[in-house]
Participant: 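Just dropping this structure here.
Atoms within each ligand, like the ligands themselves, are counted from 1 in listed order. Since the model is a prediction, treat every value here as computed from it, not as a measurement.
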Amino acid sequence: MGIKFDDQSVDVSGVSDRRGRGGPIAIGGGGVGVVGLLIYVLVSVLGGGSVDPTQLVPQGGPVQGEGPGTGDLASRCNTDGAIQQYDDCFLVKVYNEINEVWTDEFNRAGNTYEEPGLTFFTQGVQTGCGAASSQVGPFYCPPDQGIYIDIGFLEQLQQQFGADGRYAQAYIMAHEAGHHLQTLFGTERKVRAAQQSDPGQANQLSVAMELQADCYAGVWSRLADDRGNVSVGEAELDQAIGAAEAVGDDRIQAKTQGRVDPESWTHGSAEQRRTWFLTGRRSGNVNSCDTFR
Ligand SMILES: [Zn+2]
């Protein structure tokens, strides 16, 4: 059936387009490469040896209004068929539907949802978490509450990890938005504190964070589907599940280093990621996402 949106309008509020601006990159060497193609969170905080931002300068608050360079995006994405044709327009549309669903859910609970920012970049970008390169893959930066995506990653996801299809991209966006929920809920702050006080538990806590973001992605998928915001069929769900599995630590380790070392996992196995996405998808309720048990 494909992916059906309830409407075709694309809203670029909160979006920054910094593609083609290069941008300063100050990233540590070894270990980035393909391993960095995890869906990364806590870029500067966890590091995990793969990212070494030179500074951690919280810049406070989500991105407000339209960011730089979005004029073209707004007009191009609001033409007939643009959402289907262009990756960036599709992603902004998914971002819109994510914000819509979570805004309603927060309101229902008597709370206020703050939208995350969304920045497209190429090569490298300065963030509230320091400088980051495309090699880390899409990520969320808690201090500036921004989601950062190099659209080239989506091609790599497809080519190197075999994660195909538009709904795989929607899952990625929903996962990053899941990290935003963790910031709004205060989970990220608590986990970061726990990791600092007990570094021996840092990886295990990171895995729980990532699996929870997968679960939140599943919850969004269910809610968006039930409400008709983004209707999908079985084939689309398989795309999301395929992507969740493709970025499992065991899959990536097997591919990049030829062996699997669970001690070093930061995101969880393919099976865990699939299971938690489906837990959220089945329940449609964030309370089902207690991955810290
Ligand atoms: Zn993540």
Participant: According to ring-ring contact (aromatic ring centres under 6.0 Å, His included), who are the partners of F90, at least two apart in sequence or on a separate chain?
Facilitator: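 With neighbours one apart ignored, the set is F5.
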Participant: Can you tell me if H267 has an N, O or S atom under 2.8 Å away from the Zn ion (ligand 1)?
Facilitator: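 It does not; every qualifying atom lies at 2.8 Å or beyond.
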Participant: Can you tell me if S206 and T266 form a side-chain donor-acceptor pair at under 3.5 Å?
Facilitator: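 There is no such pair between these side chains.
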Participant: From the N, O or S atoms in E210, identify the one nearest to the Zn ion (ligand 1).
Facilitator: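 E210's closest N, O or S atom to the Zn ion (ligand 1) is named OE1.
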Participant: Any ion pair linking R108 and D104 (charged N to carboxylate O, less than 4.0 Å)?
Facilitator: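 No, no charged N to carboxylate O under 4.0 Å.
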Participant: Does R166 come within less than 4.0 Å of D87, counting only side-chain N to carboxylate O?
Facilitator: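 Yes, charged N to carboxylate O under 4.0 Å.
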Participant: Which angle, to the nearest 10 degrees, do you find at the Zn ion (ligand 1) between NE2 in H179 and NE2 in H175?
Facilitator: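 H179 NE2 and H175 NE2 form an angle of 90° at the Zn ion (ligand 1).
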